[in-house]
Every structure is written in C-alpha cells, then in structure tokens.
Amino acid sequence: MSRDITQRKVRFFNIFAYGLADLYGGGAFFIVTTFSMFYLVNVVGLHPILAGLIPAIGKLWDAFNDPFMGYISDITPKNRFGKRRVWFLASILPVFLTFMLIWFPTNIASQLGKFFFYLFAYIFFYTVTTMSYVPYAALAAEMTNDAKERNKLVGSRIFFSFVATLLAGLIAKPIIDMFDGGKSGYLYMGIIFGIIFAFPWLLLYFGTWELPQQERAKDKTHFFVNFLSLFKNKSCRIHIAMYVCSFGTLDIIMSWLLFYFIDYLNMDSSVSLGFMTLGKFTLLQGTLLLTMMAAIPFYVFISGKKGHAKSYIIGLSIVLVGMIFMAFQTPSSPFWLLLLNMLVLGFGISAGSLIPHQLMPFVVDVDKLFSGKDRAGTYSSAMTLTRKLFLGLFVLNGLGLLLSGIGYKQPVPTVLTQEQFAEAKDFYFYKAIGSVISDSSEKQDTEIRDANDIVFEAAEKITVHADKIAFLESSYLLLEDGNYHLNYFKYDVEKLVTGHLMVGESQSYKKLSEEDYNKVVSSYPRDKISDLRKVTYIEKSYNFDGENYIFDESLANFMNEQELIELRKVLNDADFKYSGIGDTQKISQASLTIGWIRILFITLPIIMVIAGLIAATFFRLTPKNHKIVLAELDRLNNGGTKADAEPRVKHVIELLTGSKYE
C-alpha cells in the first residue's frame, strides 16, 4: 500500500536541506551586485556604459525567461523525479560552470569583444538561476499546507541566504585581494563560490518532496496572459512592490558600495583586530551582514505580534535613519562611526530581506482564491523577474550610465601588445600629418601662402602630437615578453623582497647586498605577466652604489597618479578601444565625480525606502485575514461555492484582491 504523504511531517533535515539551497540565491546575487560593475569597469576595463549594458541585456532575457520558466514549472508532468525537483538535478553542474564563467579572464583585447564575451556569460548565468530558482521558490507552498511549517521553511531559506551573503561579504574580497585584486583573484573567487553554490542542490533534491495537488483541467491560457493576470490581484501588486523596493534598496547600496568606500571615503586599507587583520571594506560589509542575520528573530517576533507589514515598516524606517546618518560620513570620519552606521543599516535591511519572502506562500493562497489556480511557480517567477529587471535595467545599467554621466574615468591598461601600442602612437602621427595637409589646402584656396608660414605651422602641430607620442613611449616599457607594460606599479616592495629572504639574511628591504638582491630577482619567473611586472618593479626601484642595492624611496623612475590621469586622457583622445591583455590600473577620480558618487549613494536608496514604506501602508494580508483565506480554500475544496461565502469572508477577500468575489 502506498503511503499517503498528504500529512507528511516536515522535520529538521528537510528544513535544513530546503534552506541550504538558497546559498546560491543569496550569495550569487550578492556577489554579482557588489562586484560585477567594479570588476567590469576597473579590472576588465570596459567603458561604464558597456559594463552596465551587460546585466541590463541579461535582465531583458529574463523578461522572457522567468515567466516562461514559471509556466514550465507549473505544467511539468508528474514524474518519479518530481514536478519541481527534477529541475534541481538539472541545475547542479550549470550552477558551478556559469558562476565561474562570469569571472573568467578572457584574453580578448577589444572593448567590443570583451563586451560580447561577458554578455553571453551573463545570459547563461541568468538562464541557470531562473531554471533552478523559480521551481525552488515555489516548492515551500507545495511541501506543506501548515502555516508554521511554511514559516520554518522560508525562515531556513532566509537564514541560509544571509549565511551565503555573510560568507561572500567576509571572504570574497580577501580571495580577490590574495591576487592583488586582479583578474586571477576574481576567477578563483568564482571557482570557490561556484562549488559552494552547486553542492546544496543535490541535498535539496533528496531532502524535499511535493504534496499531491488536486487534479485540475489543463489550463489553456497563454503563459504571458497567465503571468500578467497576477498583477490584477491587489495583494500580489503590493507584495511585489514591497519586494522590489526593499531588495532594490539593498541592491543599490551594495552596487555602489565599492565606489563609495574606495573612491569617496578612500578606504582600501586594513585594520588589525589583534588576532587577525581584515580589510576595512570587508569589516564594514561583514558588520552589515552579521547585523542583518542577528536581527531576524526580532522581526519574526514582531511579525507574529503585529503582522508582516508592521515589521516591514519598522525595518525600512531604520534603513532611512541609517542612510541619513551616512550622509554625514566623510573620509576623515572615525572608523568606529562607520561601523556603527553599518550596524544600523544592517538592522533595518534585515526586515526588507526577510518579510517579502515570508509573505510569498501566504500571497499565493490569496491568488488561489483569486484565480482558482495553483500558480506558485508563476508567482515565484514574477517576484524574481521584477527584482532582476529592476536590478539590471535600473540599478546596474543605471550605475553604468550615471558613472559615465558624472565623468567616472576608466582604468589604464597595464599591458599592451605591440600592435595595440602602435595603434595609439599612429593615431597621433597621422592626426598631425592630416591636420597640416587639411589646414594647408584650405588656406591655399584663398591666398598664396609663404612657404615659411606653412612649415612653421606644420612644425608646431607636429610638435604637439609628437609630445603625446613621447608621453606614450615614456608611460610604457617594452619588456622581454614582447609587450608594453605600464610604468606604474602598485606593489608593497617590502613584501616582494623580504618574502624571498631566509632568516638571517638582509632584514631591511631598503638596503640589500648584491647576493640577496640577485636571489630575490631570480626568484621571480619571467614567463608570467604578473611575475614579470613584479621583478621589473624591483629592478627599477633599486640603485647599485658599488657594494649594495639601495631602495629609491623617491620612486622617480615611475609614473605618478597625475601622469596616470593624463595618460587616460591621451588614450581617450586617441579613441583607444583596448583595455590590454593584463590587469588594469585604477586611477583617481575628479573631486566633482567623487561628490556625485556620495550624493547618489545616499539619495537613491532613500527614494526606494520611501516608496517601500508607502506600499506597505496599503498591505492588508494580516495573520487574521490569512486564516480566513485558508478556511475559505478548505470550504471550496470540500464542494462549496463562492456564492455561498459569508458576507464577512467576501469583504476580507475583496479587500485583499481588489476585485469582486463572485
């Protein structure tokens, strides 16, 4: 006799397995939101507008992909692998591969080539997130009908989402920084987190189930019509607005955070905690995320006592206070004050991250009354779609457009091929010749010019462009790998040197014996770009006085920050399309640009918070009203009709759906 699983008990392992899968949802979106634009602009070297277009186009793909996947998930035939759960098995390997791919350091040199490489990588990534995440989000409503068990499942999911976010916040940047913040660091980060994100889907498959659903006539409604009809339900509209506003606030904060901390607060250093050293950015981000996790029980308690909407309003009000405080932070602010500010923000953002997910199964119940259908998958896709659309079209794409609009300077290529370098030089050479010929032809049409005047003007124009060619030649060094390397190095020479000396040998990096110097130089292989640049930096940093090698603290042999800015301008004037074949070198931004970064970082989240607070005031799905919804669903399932509903029940349902209940 087959076992009736309609009353199957949700145990601790099931709650754990269900929640663990959201390591992917919480961690992947957090890392992409926090690091993708900074990586594409300041590491890959893409123009901010091109960088912003990559997630935007990916989200447009999701505009079709998400509702379509929700529809597919809803109509997937029953099979021995499960209607929803079969997609979890199909997602395991793609989750790993696609997350790694978006951080893969392509050797494509041109801006357009890199743009299309990362565009396709992001399209694959978002396809896989949809394929796995839409059925996953719908599963809680189909594992149990018990409200307490649903809350435990969703609570577990939110908990592990926070764990993933915290893990990403604490170790993603340190992994990147282990490789000097370059492309290799991002790749290893992608590999490590790809493994972390992929494994839980196997456990999810074996630790969950799907309750038998009442057989219904096959729905012949077109999936787009089915999807759009969700928004006719008032509770669905308000809930999705709350979801987009709260997560939009977090997405805006995290996408601008690196630019705000590094460019405005000039905070890219470390702080010692006695037993360990952490980067200030990592510590601030960790404070935000730890506080978000710690505040979950508080908002669960408030939700039980006052309802989800009240809990949401309290949380977003705290975020508003935190962002107002952030407006008064300056580069000279004490570090503890910034930590306190992040603690306040984390306490408030916790509600915005928790409440919309807690509400999802309850809003699905309202939709069952509204539509007469089980559309958990479609509703899940509507939630993920709206967030992804907002993130891609407005947050990340908007970030790219705004950065370009406020004059954010691209980084400088650190390594150029001979062909790329020659293209930059040839631009100024041909420009000089072309301007002289053009100027001479125009004037000869109206007057006979003295030959000396023509020669003088030609020499003057050629000199201007020759100076730029000379500047380019002094900015790049032709090294033994056959490439031109930027004559600017941002290494800690003490670490480069002393790390290759044994105890008892020279302990001061400022003065090395000839033997120790040769030992250090020979320890770096010259067949890798990164090591070649390091050993070149060492060789150019020391002068031999006949007996010892002395470190030149003036660093006179290298470019300075101002020359980097001038180099960027020269490359821009040449319409230079390449970001090189190695890492890129970030440059300082103008004071006006930095001021705009500060203003936008503060005002954009505040706008989203205010919109979320307004939406929450119209939400009426209280615990009391939800009990009425469940009772009405049971009555209908037992043969009742809408026409027989009590007036009080009709009033509540019409209040929740915004339409006549008949």
Side-chain angles (χ1 to χ4, degrees), residues 39 42-45 103-110 114 175-189 410-425 471-501 506 509-510 512 514-544 549-561 563-564 567-568 571 576 578-587:
Y39 171 73
N42 286 307
V43 179
V44 174
W103 311 106
F104 191 82
T106 175
N107 289 326
I108 299 173
S110 70
K114 288 182 177 181
I175 292 172
I176 294 167
D177 290 342
M178 286 174 62
F179 300 88
D180 300 315
K183 294 177 182 177
S184 296
Y186 282 91
L187 175 61
Y188 283 113
M189 181 273 293
Q410 290 177 258
V412 173
T414 57
V415 184
L416 297 174
T417 64
Q418 293 190 36
E419 293 79 8
Q420 293 167 0
F421 185 72
E423 185 174 320
K425 287 174 56 180
F471 179 66
L472 282 171
E473 291 176 333
S474 67
S475 300
Y476 285 91
L477 309 170
L478 180 60
L479 299 185
E480 55 204 73
D481 65 349
N483 297 312
Y484 282 88
H485 290 249
L486 183 67
N487 191 22
Y488 181 92
F489 301 85
K490 202 170 184 179
Y491 297 120
D492 184 338
V493 71
E494 183 175 7
K495 289 183 180 179
L496 292 182
V497 172
T498 58
H500 292 271
L501 295 176
S506 299
Y509 73 94
K510 295 184 179 181
L512 299 176
E514 186 172 4
E515 179 183 355
D516 287 344
Y517 174 83
N518 290 331
K519 182 176 183 179
V520 170
V521 170
S522 62
S523 66
Y524 286 96
R526 296 174 180 264
D527 56 346
K528 293 182 179 179
I529 287 177
S530 58
D531 288 327
L532 179 58
R533 286 187 58 78
K534 288 175 183 178
V535 73
T536 301
Y537 177 57
I538 293 172
E539 291 173 340
K540 289 176 64 66
S541 299
Y542 285 85
N543 298 316
F544 188 58
Y549 281 86
I550 310 300
F551 178 63
D552 182 4
E553 298 189 56
S554 70
L555 300 178
N557 293 328
F558 306 106
M559 299 175 69
N560 56 40
E561 284 281 348
E563 289 171 326
L564 273 182
L567 176 60
R568 181 69 265 173
L571 292 174
F576 192 69
Y578 303 106
S579 52
I581 60 173
D583 290 332
T584 56
Q585 176 58 54
K586 188 179 183 304
I587 61 179

Quick one: does [X]'s side chain get under 4.5 Å of [Y]'s, heavy atoms only?
| X | Y | value |
| --- | --- | --- |
| Arg526 | Asp481 | no |
| Val520 | Leu496 | no |
| Ile538 | Tyr491 | no |
| Gln420 | Phe576 | yes |

Got more than 12 heavy atoms from elsewhere within 6.0 Å of NZ, Lys510?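 No - once you tally the heavy atoms of other residues, nucleotides and ligands closer than 6.0 Å, there are 12 at most.
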For the OH atom on Tyr188, are there more than 12 heavy atoms of other groups (residues, nucleotides or ligands in this structure) within a distance under 6.0 Å?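 No - once you tally the heavy atoms of other residues, nucleotides and ligands closer than 6.0 Å, there are 12 at most.
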From CA spacing to verdict: side chain to side chain contact (heavy atoms under 4.5 Å, CB included), Asp552, Lys540: CA-CA 9 Å; Asp552 182 4; Lys540 289 176 64 66; over 6 Å; no
What is the distance from atom [atom1] of [X] to atom [atom2] of [Y], rounded to the nearest 0.5 Å?
| X | Y | atom1 | atom2 | result |
| --- | --- | --- | --- | --- |
| Ile176 | Met189 | CD1 | CE | 4.0 Å |
| Thr536 | Leu477 | OG1 | CG | 7.5 Å |
| Tyr476 | Thr414 | OH | OG1 | 7.5 Å |
| His485 | Ser475 | NE2 | OG | 14.5 Å |
| Gln410 | Leu571 | CD | CG | 9.5 Å |

Does the ring center of Tyr484 lie less than 6.0 Å from the ring center of Phe421? yes
Check whether the ring centres of Tyr549 and Tyr517 lie less than 6.0 Å apart, and answer yes or no. yes
Out of Gln585, Glu563, Glu561, which residue meets the side-chain hydrogen bond (donor to acceptor under 3.5 Å, both in side chains) rule with Tyr488?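 The side-chain hydrogen bond (donor to acceptor under 3.5 Å, both in side chains) with Tyr488 is passed solely by Glu561 among Gln585, Glu563, Glu561.
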Measure across [X] and [Y] and return the closest heavy-atom pair with its distance rounded to 0.1 Å.
| X | Y | value |
| --- | --- | --- |
| Pro413 | Leu416 | CB-CD2, 3.6 Å |
| Thr106 | Lys183 | O-NZ, 4.3 Å |
| Asn487 | Asn557 | ND2-O, 3.0 Å |
| Arg568 | Pro411 | NH1-O, 2.6 Å |

Under 3.5 Å: donor-acceptor pair, side chain of Arg533, backbone of Leu486: yes
